[in-house]
Amino acid sequence: SSRDAVRIVEVGPRDGLQNEKKVIPLATKIELVEKLARTGLKTIEAGSFVSPKWTPQMANSSEILEYVLRNTPQSPTPITYQWLLPNVKGFDNFLKLWNAQLSTGQDVYPTSPPSPGPEGGQVLNTSSKDPNVMPSATSGAEAMGKERASSSAGSPLHEISIFTAATESFTQKNTNCSIQESLKRFEPIMWKAKEMDLKVRAYISVALGCPYEGPDVDPHKVAELAVNLLEMGADEISVADTTGMGTAPKTAKLLKTLDAAGIDKHDLALHFHDTYGMALVNSVVALEHGIRTFDAAVGGLGGCPYSPGATGNVATEDLVHLFHSLGMPTGVNMEELSEIGEWISAELAKSNESSAGKATLAQ
Ligand code: HMG
Ligand code: MG
């Protein structure tokens with residue numbers, strides 16, 4: 001039944017590519033997004049607005065956003081695109097392009113949280129007379145305003161993702177600040193996003209093991225952070241096993257701890273990396289705890305630049321095969337997805353890391 005439908009957040013174009021040492025042509029990145037959009041996937045994290053000194057591979061994400069805004073990639077269902085950013089500078093860079101579409105005319109950050117208003121928050125004024133504004137028939141403005149909740153047209157939606165981590169060492173290595181400082185950085189982003197009716201996803205890295213502090217990360221720390229981020233206004237928390245150190249018992253313990261902290265399972269996504277080959281097992285544990293949103297990267301691409309030795313995300317093909325085997329619809333075409341995994345692996349001169357993808361193609 002549709003009650004058992006699962007939502008997959010395809011993070012291949014961002015998490016999958018960010019760690020590649022060789023420069024990947026912009027055309028290849030765009031082709032990846034376009035191909036993924038056609039498979040039935042509904043959410044794609046397409047790039048990040050981080051410092052190019054820290055993660056050079058993502059330096060042309062703005063061009064990917066521009067492309068998506070100008071040429072809505074074809075898709076059987078409307079796609080939500082997510083854009084990762086660590087600070088106001090990244091959000092500004094995102095908004096520059098976004099505002100070229102929306103023309104809110106003001107790029108000012110609120111200095112305090114928005115006062116609680118009617119559900120859905122403030123709707124943007126999209127009827128700008130500014131001649132510089134692109135025609136908005138397929139613009140995100142329409143999608144964000146009128147059709148925010150139930151988009152039936154082909155207009156893509158856009159969301160942003162912020163990220164912090166469950167350990168101080170990882171937060172320092174990844175974003176050059178403490179956990180507390182990272183939360184402070186998010187406040188103006190969160191307030192501005194609320195004002196714009198833009199959804200915010202928040203990642204918590206190293207939730208099941210840290211490359212610097214070891215495999216035993218305190219689940220209560222993860223819960224405390226998740227509660228904090230939700231109270232700040234995050235719409236979803238993606239709990240990330242950055243290092244792949246997660247196991248079935250650890251995953252169960254973490255999910256129980258999050259539940260005990262009062263966190264609604266519908267506000268959670270799980271983000272597994274498959275470094276130890278445990279991602280599918282952990283996904284089943286998460287399913288049993290009622291989690292229905294999972295991050296994955298086609299072909300098992302990926303690795304975090306600040307997590308030495310961490311390999312790819314769980315392959316999207318493997319997750320889709322798992323969910324389908326359990327009778328849980330994903331809306332994703334397995335054959336098409338498997339071909340993309342094979343294609344992008346060849347483009348990157350890497351081996352295809354998806355068992356289910358390779359098996360599907362061999363049939
Ligand atoms: P910093 O060096 O402390 O930043 O880096 P700063 O504020 O001192 O600025 C230094 C320079 O960077 C300045 O430029 C800024 O303008 C520029 P300069 O004056 O020297 O020419 N700058 C930026 N440029 C573009 N976009 C920006 C930006 N911010 C500053 N947003 C910072 C701090 C947070 C920026 C840096 O540490 C950073 O970018 N970190 C991101 C690293 C990253 O990409 N990590 C991978 C993504 S997270 C992940 O993969 C985990 C996840 O998948 C879940 C999981 O599996 O765990 C999500
Ligand atoms: Mg990741």
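For ligands, and for the atoms within them, numbers begin at 1 and follow the listed sequence. Computed from a predicted structure; not experimentally measured.
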Give yes if a backbone or side-chain nitrogen or oxygen of S51 is under 3.5 Å from a nitrogen or oxygen of ligand 1, and no if not.
yes
One finds that the ligand 1 atoms under 4.0 Å from a non-hydrogen atom of D15 are 50 (O), 53 (O)
Atoms of ligand 1, numbered as shown, that sit under 4.0 Å from any heavy atom of F163:
41 (C), 48 (S)
So, the side chain of Q18 versus the backbone of G302: is there a donor-acceptor pair under 3.5 Å, distance only?
no
Quick look: R185 vs ligand 1, heavy-atom contacts under 4.0 Å, and the answer is side chain
Quick one: hydrophobic cluster around V281, which other residues, with the 4.5 Å side-chain cut-off, linked directly or via members?
none
Does only the side chain of V50 get under 4.0 Å from ligand 1, or the backbone, or both, or neither? Count heavy atoms.
both
Check ligand 1 against H273 and write out every atom of the ligand that is under 4.0 Å from a heavy-atom position of the residue.
56 (O)
Short question: side chain of K42, backbone of T77 - any donor-acceptor pair under 3.5 Å?
no
Heavy atom of L84 under 4.0 Å from ligand 1?
yes
Please evaluate residues E159 and S161 with respect to the criterion side-chain hydrogen bond (donor to acceptor under 3.5 Å, both in side chains), reporting the C-alpha separation (whole Å), side-chain torsions for both, the decisive distance (0.1 Å), and the verdict.
CA-CA 7 Å; E159 299 176 356; S161 311; over 6 Å; no
Without swapping roles, check the side chain of S238 against the backbone of Y203 for a donor-acceptor pair under 3.5 Å.
no
So which of K29, K22, R14 actually passes side-chain hydrogen bond (donor to acceptor under 3.5 Å, both in side chains) with Q57?
K29
W83 vs L65, test: side chain to side chain contact (heavy atoms under 4.5 Å, CB included). Steps then yes/no.
CA-CA 8 Å; W83 307 93; L65 172 59; 3.5 Å; yes
Can a cation-pi geometry be assigned to K173 and Y212, taking NZ or CZ under 6.0 Å from the six-membered ring centre and within 45° of the ring axis?
yes
For the side-chain contact (heavy atoms from CB on, under 4.5 Å) test, which of I44, D295, L41 pairs with V9?
D295
Give the single entry among N93, T243, T175, T164 that approaches atom 33 (C) of ligand 1 most closely by any heavy atom.
T175
Below a 4.0 angstrom heavy-atom separation, can you tell me which part of P86, side chain or backbone, both or neither, approaches ligand 1?
side chain
For N87 and ligand 1, answer yes if some heavy atom of the residue is under 4.0 Å from a ligand atom, otherwise no.
yes
P52 near ligand 1, heavy-atom distance under 4.0 Å?
yes
Heavy-atom proximity to atom 45 (N) of ligand 1 ranks first, among V206, N313, N174, I204, for N174
Decide whether T39 and E336 meet the rule of one side-chain donor and one side-chain acceptor closer than 3.5 Å.
no
Using the ring of each side chain (for Trp, its six-membered ring), is H271 parallel, tilted or perpendicular to H273, with breaks at 30° and 60°?
tilted
If you have a sec, read the angle at the Mg ion (ligand 2) from H271 atom NE2 over to H273 atom NE2, to 10 degrees.
90°
Take T257 and H220 through the test side-chain hydrogen bond (donor to acceptor under 3.5 Å, both in side chains) and record every step on the way to the result.
CA-CA 7 Å; T257 308; H220 294 98; 4.7 Å; no
Quick one: which ligand 1 atoms are inside 4.0 Å of a heavy atom on S205?
51 (C), 54 (C), 55 (C), 57 (O)
Would you check if the Mg ion (ligand 2) lies under 2.8 Å from any N, O or S atom of D15?
yes
How about S169 and E213: does a side-chain donor come under 3.5 Å of a side-chain acceptor?
yes
Please determine whether any non-hydrogen atom of R14 lies less than 4.0 Å from an atom of ligand 1.
yes
Atoms of ligand 1 less than 4.0 Å from K53 heavy atoms?
14 (O), 18 (P), 20 (O), 21 (O)
The option among N176, V11, I162 carrying the non-hydrogen atom nearest to atom 1 (P) of ligand 1 is N176
What part of A240, side chain from CB on, backbone N/CA/C/O, both or neither, has a heavy atom under 4.0 Å from ligand 1?
side chain
If hydrogens are left out, which of Q18, E45, K173 has an atom nearest to atom 50 (O) of ligand 1, that is, the closest non-hydrogen atom?
Q18
If the cut-off is 4.0 Å to any non-hydrogen atom of F49, which atoms of ligand 1 fall inside it?
26 (N), 27 (C), 31 (N)
